[in-house]
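Lettering of chains follows the sequences in order, A, B, ..., and the numbering in each one begins at 1. These numbers were taken from a predicted model, which means no experiment stands behind them.
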2 protein chains.
Amino acid sequence: MTEKRVRARRGDGALLREELLRAAEELLDETGTEEALTVRAVAARAGVSTPSVYLHFADKEELLEAVCLRVWDELGRLVAECRDPDPFLRLGRCGRAYIRFALDHPVQYRVLMMTPSAGEGVPPAAQACFGYMVDAVRACVEAGVMRGEPERLALALWSAAHGCAALLIAQPSFPWPDRDAMIDLIVRISGFGAALGPRMAGALPPSRELAAALDAFEARLGGQLPERP
Amino acid sequence: MTEKRVRARRGDGALLREELLRAAEELLDETGTEEALTVRAVAARAGVSTPSVYLHFADKEELLEAVCLRVWDELGRLVAECRDPDPFLRLGRCGRAYIRFALDHPVQYRVLMMTPSAGEGVPPAAQACFGYMVDAVRACVEAGVMRGEPERLALALWSAAHGCAALLIAQPSFPWPDRDAMIDLIVRISGFGAALGPRMAGALPPSRELAAALDAFEARLGGQLPERP
DNA sequence: TCGTTAACCTAACGGCGTCAACCTAGGGAG
DNA sequence: CTCCCTAGGTTGACGCCGTTAGGTTAACGA
């Protein structure tokens with residue numbers, strides 16, 4: 001418990017809500033796990049009695065969800081401001097920004113995206129972020145580098161980015177070869193896969209022929225650009 | 001509580017361990033969430049007093065981990081028996097088998113793969129499964145359809161499959177367009193991406209040129225095969 | 001028959017989320 | 001200035017949880 005908070009003025013009852021959220025956020029960042037976020041601990045840190053939490057949150061889950069949602073506005077901003085003259089490169093930037101965001105806020109990301117109960121569905125901020133990714137994919141489709149419904153493609157790419165982030169967050173003890181190289185590889189694979197995969201729908205030659213075609217493809221493109229998707 | 005269990009014979013104390021695991025597994029499958037798996041509930045269902053659980057498990061987490069690990073032997077078997085004359089198709093089969101397994105055992109998969117504490121790292125059975133996937137990738141590399149270290153490629157593909165499974169499990173309320181089509185799309189994207197992505201390392205032409213090359217690639221391959229990667 | 005001991009139970013502790021009931025300070029009405 | 005009403009909390013308790021210490025019972029060998 002920090003200190004006994006002075007009672008708010010008459011119209012300012014909602015002040016406590018913000019202070020509770022701040023206290024909970026601090027607890028989450030300090031301990032690195034949501035198990036430390038007990039109603040009692042949050043109330044004590046805010047300098048208030050335990051049941052006072054229920055003046056502003058229906059239950060513990062609502063508090064946890066609210067505090068985790070606070071950082072998600074940042075994600076929409078991060079993804080939205082990924083710009084590049086080339087739509088394919090822009091999409092890659094979006095993917096890397098998404099993964100970086102998840103790794104920067106592992107607890108919040110895990111609570112909101114890796115547990116079934118909390119949030120009753122994908123958070124709205126994440127849906128906005130998904131909208132941006134759909135736009136980026138649509139630009140790729142219009143540029144002729146991808147083919148298919150942008151929504152489905154974006155969903156698949158989102159799934160790939162989520163898989164990378166989720167594994168890195170949930171399995172920190174795994175002997176990852178190199179974190180950043182891994183992220184780059186996954187973003188690259190997803191991007192090129194989204195470009196090539198749907199074109200091959202239904203058609204699938206034997207590996208020998210596929211390998212030859214890939215070699216020819218590789219030989220055709222000699223241009224070098226610094227950034228990768 | 002079901003019934004008062006009759007005490008085991010003198011050398012058969014370990015019998016209770018199996019009965020506790022069975023009771024816990026039933027609870028998990030019936031309720032669909034690990035929150036129902038309290039030490040008291042498991043003991044009651046096994047017809048035994050609560051502290052008796054601690055005769056065979058150090059704490060609740062060890063019990064939860066043990067019961068979740070029980071289904072994972074199946075995964076190694078499922079992935080290992082994915083065969084196909086074509087290595088690229090075989091890899092696709094492995095990916096789909098992995099995702100299907102995760103969706104068939106959502107609680108166990110989430111507990112072991114989507115929470116940081118439980119298990120102290122990736123379960124051994126999952127590592128064995130990962131070994132099979134590395135083998136499948138290596139075959140693709142040797143066939144010339146992929147390029148790079150098989151371990152890293154397999155890790156990236158594992159991440160993609162995990163992302164698909166994890167999203168489907170953790171966000172059941174999301175309006176997924178079509179579950180099976182989504183899985184197919186992701187497996188296809190990952191496969192072709194792993195084939196094409198590493199070849200493009202460092203090289204990245206503008207989208208216009210990339211689109212043209214992709215069109216040429218598509219035109220070259222007219223062969224149709226029923227199964228897709 | 002009896003003692004040993006493996007197998008299990010009883011009782012309890014502290015912490016948790018949550019609720020019903022109570023208090024209290026501070027602003028408006030008279 | 002006084003009173004009172006209500007927004008903004010607090011006190012105390014309930015039931016459930018994981019976990020522990022110490023007691024009890026029954027199957028076997030001698």
For the pair made of [atom1] in [X] and [atom2] in [N], what is the distance, rounded to whole Å?
X: B/L20; N: C/dC9; atom1: CG; atom2: C1'; value: 14 Å
X: B/E35; N: C/dC16; atom1: CD; atom2: P; value: 17 Å
X: B/L64; N: D/dG18; atom1: CG; atom2: P; value: 11 Å
X: B/L55; N: C/dT10; atom1: CG; atom2: P; value: 14 Å
X: B/E18; N: C/dA7; atom1: CD; atom2: C1'; value: 18 Å
X: A/E19; N: D/dG8; atom1: CD; atom2: P; value: 13 Å
X: A/H56; N: D/dT10; atom1: NE2; atom2: P; value: 10 Å
X: A/E34; N: C/dG17; atom1: CD; atom2: P; value: 12 Å

Could you check if a side-chain atom of A/L167 sits within less than 4.5 angstrom of a side-chain atom of A/F174, using non-hydrogen atoms only?
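When only atoms from C-beta onward are counted, A/F174 and A/L167 do not touch, as no gap falls below 4.5 Å.
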Answer with yes or no after comparing the ring centroid distance for B/Y98 and B/F130 against a 6.0 Å cut-off, counting only values under it.
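Ring centroids of B/Y98 and B/F130 are no less than 6.0 Å from each other.
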Presence of salt bridge, A/E142 and A/R138, under 4.0 angstrom:
no
Check this for me, if you would: do B/R22 and B/E26 make a salt bridge, where the nitrogen-to-carboxylate-oxygen distance has to be below 4.0 angstrom?
yes
In this structure, which one of B/R110, B/R100, B/E74 forms a side chain to side chain donor-acceptor pair (under 3.5 Å) with B/H105?
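Result for side chain to side chain donor-acceptor pair (under 3.5 Å) with B/H105: B/E74.
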For A/T38, answer base if it contacts any base atom (sugar-phosphate contacts may also be present), sugar-phosphate if it contacts only those atoms, and nothing otherwise; contact means non-hydrogen atoms under 4.0 Å.
sugar-phosphate
Under 4.0 angstrom, heavy atoms only, what part of the nucleic acid is A/R17 near: base, sugar-phosphate, or nothing?
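Nothing: the residue A/R17, judged by heavy atoms under 4.0 Å, touches no strand.
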When you measure from the side-chain N and O atoms of B/S52 to the phosphate of C/dC8, is any distance below 4.0 Å, counting only OP1 and OP2?
no
Check the surroundings of atom CD in B/E35: do more than 12 heavy atoms from other residues, nucleotides or ligands lie under 6.0 Å from it?
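12 or below, so no.
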Base contacts versus sugar-phosphate-only contacts with protein, heavy atoms under 4.0 Å: please encode nucleotides 18-30 of chain C as B, S and - from 5' to 3'.
BB----BSBS---
Using the side-chain contact (heavy atoms from CB on, under 4.5 Å) rule, pick out the option among B/D135, B/V137, B/D86 that qualifies with B/L91.
B/V137
